[in-house]
Amino acid sequence: MTQNANISADLYVTCVIDQLYPEVGVSVVKVLRRLGVTVGFPKEQTCCGQPVYNSGFSKDARTLAKRVLQQFRDSEYVVVPSGSCAATLRVFYLELFAEDPDLLVQAKALSAKTYEFSEFLVNVLKVEDASACGATHQGTVTYHPSCHLMRELGVKSEPKKLLSTVPGLEEKELAGAEICCGFGGTFSVKFPHISEGMVADKIANVQASGADTLVACDMSCLMNMAGALNRQGSDIKVRHLAQILDSESD
Amino acid sequence: MPEIKTQDFSAASIAAINDPKLRRALDRVASGFEVARLDRVAEATPEVWEDWRQQARDIKEHTIEHLDYYLDLLYTNVTAAGGHLHFAKDADQANEIVAHIAQTRGVKVATKSKSMVSEELGLNPVLEAVGVEVWETDLGEYIIQLAEETPSHLVAPALHKSKEDVAELFSEKLGIPYDEDIYHMAATAREVLRDKFMEADLGISGANFIVAETGTLVIITNEGNGRLSTSAPRIHIGITGMEKVIPSMQDLSIFLRLLPQSATGQRITSYVSMITGPRRSDDEDGPEEFHLVLVDNGRSNMLADPALREALYCIRCGACLNICPIYARVGGHAYGWVYPGPIGAVVTPMLVGLKRAKELPQASSLCGACREVCPIKIDIPRMLLDLRKKTAESPDKNLRSAPRIERVLASLYVRLMSGPKLLGMAIRFGRLLQKTERIIPFFSPMTKDGKWIRKAPLPLLSRWTRSRDLPTLPKQTFHDIWNKELSRDDS
């Protein structure tokens with residue numbers, strides 16, 4: 001595949017994938033390479049700062065954000081397999097550096113070239129058909145649109161478009177799809193009683209969908225839902241969109 | 001002001017979650033409002049709806065930016081219409097103004113149509129203390145007045161009560177046989193209240209909007225009680241927040257659509273009342289005196305703060321409550337004061353003090369659904385973040401109130417994330433811990449396959465594993481895999 005031979009993208013892999021779900025990162029790299037993208041991985045990367053930013057510690061968040069600005073300064077594109085972390089780089093950094101003109105210039109440059117994985121495929125690489133990534137999937141899938149992906153980045157149709165063109169994949173509707181799964185970062189441990197009620201509602205809908213696999217574009221939300229599903233002894237599989245598109249990882 | 005219990009949010013929310021009756025009430029009602037709201041959006045078409053929202057927001061933004069001008073204009077026009085405009089800097093002053101009017105005019109009975117600001121002021125006990133009998137006449141408000149409770153929703157104050165609850169309450173307080181037929185109960189309330197409307201010397205109302213160019217108070221209701229309260233008694237006092245002013249009658253039209261459609265999904269409410277001054281000499285009826293009490297009570301703090309100013313654009317439709325997954329679980333009372341839900345989590349800390357209400361802005365997953373449904377496009381998640389920021393690191397000690405442990409954890413976290421080397425060491429240490437735990441058999445918190453932690457022995461993570469499993473650390477990080485295998489693929 002050579003249609004994207006001139007495109008190079010650096011992967012911002014995110015903490016959750018790096019430390020808990022590295023196989024998702026592998027799938028992201030494989031899919032991008034199959035589409036002809038030259039993939040880079042700035043090795044000094046760690047956390048984007050979202051957990052401390054969301055807790056109100058913006059000075060601490062700036063410390064981490066400055067590292068990201070530095071590491072991705074020369075990237076052509078930055079691809080993030082998480083709506084939430086992509087929103088941090090693209091949206092929240094602009095707020096974080098609003099009062100620092102020099103760093104704001106850098107934040108704007110980063111913002112302009114940062115894409116969440118599914119929107120990079122659909123809107124930059126112009127993928128019309130998921131079989132272009134080599135995807136096939138035998139089974140039923142239901143899709144949870146994660147909150148930051150939908151409401152901070154405005155990415156709604158892209159993951160659906162990709163899923164709908166995976167050969168063999170049958171999509172099942174998820175009731176209450178746009179309701180938060182209850183993760184919310186530190187919220188999940190600050191208010192566990194509320195968070196676990198939210199995830200209980202969510203997985204009840206996932207189970208009612210009749211799908212054998214739950215797909216989303218954020219491993220942190222999926223970790224929340226998978227943790228609740230597993231506790232209940234459910235055998236519903238939980239996958240990042242990239243794993244479905246990669247297909248080989250299953 | 002009524003008792004502030006915001007500091008008990010955690011305990012109150014746990015109690016609420018464990019209350020099956022509340023759960024059923026919340027499931028039933030709030031989701032119905034949201035379905036109806038979506039019907040209205042579809043009917044208008046999403047494009048037109050978006051256009052209305054922007055128009056409404058522009059009007060609010062303009063008015064709040066020029067609030068001094070419009071309040072001045074309002075004063076001129078209320079006075080010109082023969083009314084009296086009073087400014088109250090806080091709850092005590094507002095209550096004093098109303099009590100003074102009641103006392104000097106020999107008021108014995110007052111009927112009230114729904115007013116959240118009067119709830120904010122805690123007006124009823126103040127009036128009762130000076131010998132005035134106060135009757136809430138909005139059906140929901142009447143129910144909670146009988147039950148001696150506070151509202152749990154901005155537009156449906158008795159949302160937390162089932163019809164069975166109300167039947168029991170009526171039976172107990174009014175001495176009538178138990179009857180859970182909703183029409184019968186409404187008829188009972190109507191019968192009781194009808195006499196009071198006739199007896200009352202004072203009618204108290206809130207205001208949904210006040211029009212500066214004409215000095216007009218606008219209330220929208222469904223029960224007709226608002227019109228009776230404001231026209232039958234010889235005195236009418238309107239009480240509202242100073243942010244409710246809008247420039248003109250033309251501006252009003254957009255809000256008359258957006259407010260009911262966002263609140264209950266109604267195209268328009270059954271009654272739209274516009275009241276300008278007391279009765280004229282040639283009017284057949286209407287009050288002899290008209291007073292408008294405009295309340296600050298902390299709103300200047302919001303006005304002065306660019307990050308929180310847009311909270312003053314709120315028209316109290318309650319759409320953000322109806323969509324909020326947190327409100328849906330804990331209900332209104334857990335928030336501990338008059339204004340619940342997402343907008344309450346912003347407004348309450350500004351009115352009662354952030355230190356006392358510091359938990360409210362934290363109790364959100366920042367999912368953003370509230371912003372999506374808000375008819376004024378108020379960016380509630382950003383304001384929650386701003387309040388968190390003030391809690392964490394404001395130079396003002398009255399605001400900064402994050403627990404020391406959180407501050408320590410935040411800086412430790414940043415240290416840990418300062419580079420992949422230290423992080424890598426921490427992860428290897430974590431894996432080691434996982435191994436030791438597998439060796440000690442009866443302290444094994446993991447599943448047999450070693451993929452999940454069932455019961456995390458660490459303080460914060462143990463909260464996660466109350467009802468969810470936690471994935472264990474895999475053998476390699478993505479960094480490891482990249483270095484070993486993936487980096488070579490690119491040539």
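Per chain, numbering begins at 1; letters A, B, ... match sequence-line order. Because the structure is a prediction, the values reported are computed rather than measured.
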Cut-off 4.5 Å, heavy atoms of chain B, and the answer for A/A200 is neither
Chain B contact via A/V24 - which portion, at a heavy-atom distance below 4.5 Å = neither
Could you tell me which non-hydrogen atom of A/P192 sits nearest to which non-hydrogen atom of B/R463, and how far apart they are?
-> CB-O, 3.7 Å
Honestly, the part of A/C15 sitting under 4.5 Å from a heavy atom of chain B is side chain
Residue A/V13 versus chain B: region with a heavy atom under 4.5 Å | side chain
Full working for side-chain contact (heavy atoms from CB on, under 4.5 Å) between A/Y143 and A/C217 | CA-CA 9 Å; A/Y143 171 69; A/C217 296; 4.0 Å; yes
Under 4.5 Å heavy-atom distance to chain B, tell me which part of A/Q45 shows up: side chain, backbone, both or neither.
-> both
Tell me, for A/L20 versus chain B, whether the close heavy atoms (under 4.5 Å) come from the side chain, the backbone, both or neither.
-> both
Measuring heavy-atom distances to chain B, does A/F92 have an atom under 4.5 Å in its side chain, in its backbone, in both, or in neither?
-> side chain
Side chain, backbone, both or neither: which part of A/H193 has a non-hydrogen atom closer than 4.5 Å to chain B?
-> both
Near B/R466 CZ, under 6.0 Å, is it more than 12 heavy atoms from other residues, nucleotides or ligands?
-> yes
Toward chain B, the part of A/V16 with a non-hydrogen atom under 4.5 Å | neither
In terms of heavy-atom proximity below 4.5 Å to chain B, should A/T186 be classed as side chain, backbone, both, or neither?
-> neither
Can you label the angle between the B/W482 ring and the B/F478 ring as parallel, tilted or perpendicular, going by 30° and 60°?
-> tilted
Under 4.5 Å from any heavy atom of chain B - which part of A/L11 | side chain
Contacting region of B/W452 [heavy-atom separation from chain A under 4.5 Å] | side chain
State, yes or no, whether a side-chain contact exists between B/R388 and B/S364 at a heavy-atom distance under 4.5 Å.
-> yes
Examine whether an atom of A/D201 lies under 4.5 Å from a heavy atom of chain B, and if so say whether it belongs to the side chain, the backbone or both; otherwise answer neither.
-> side chain
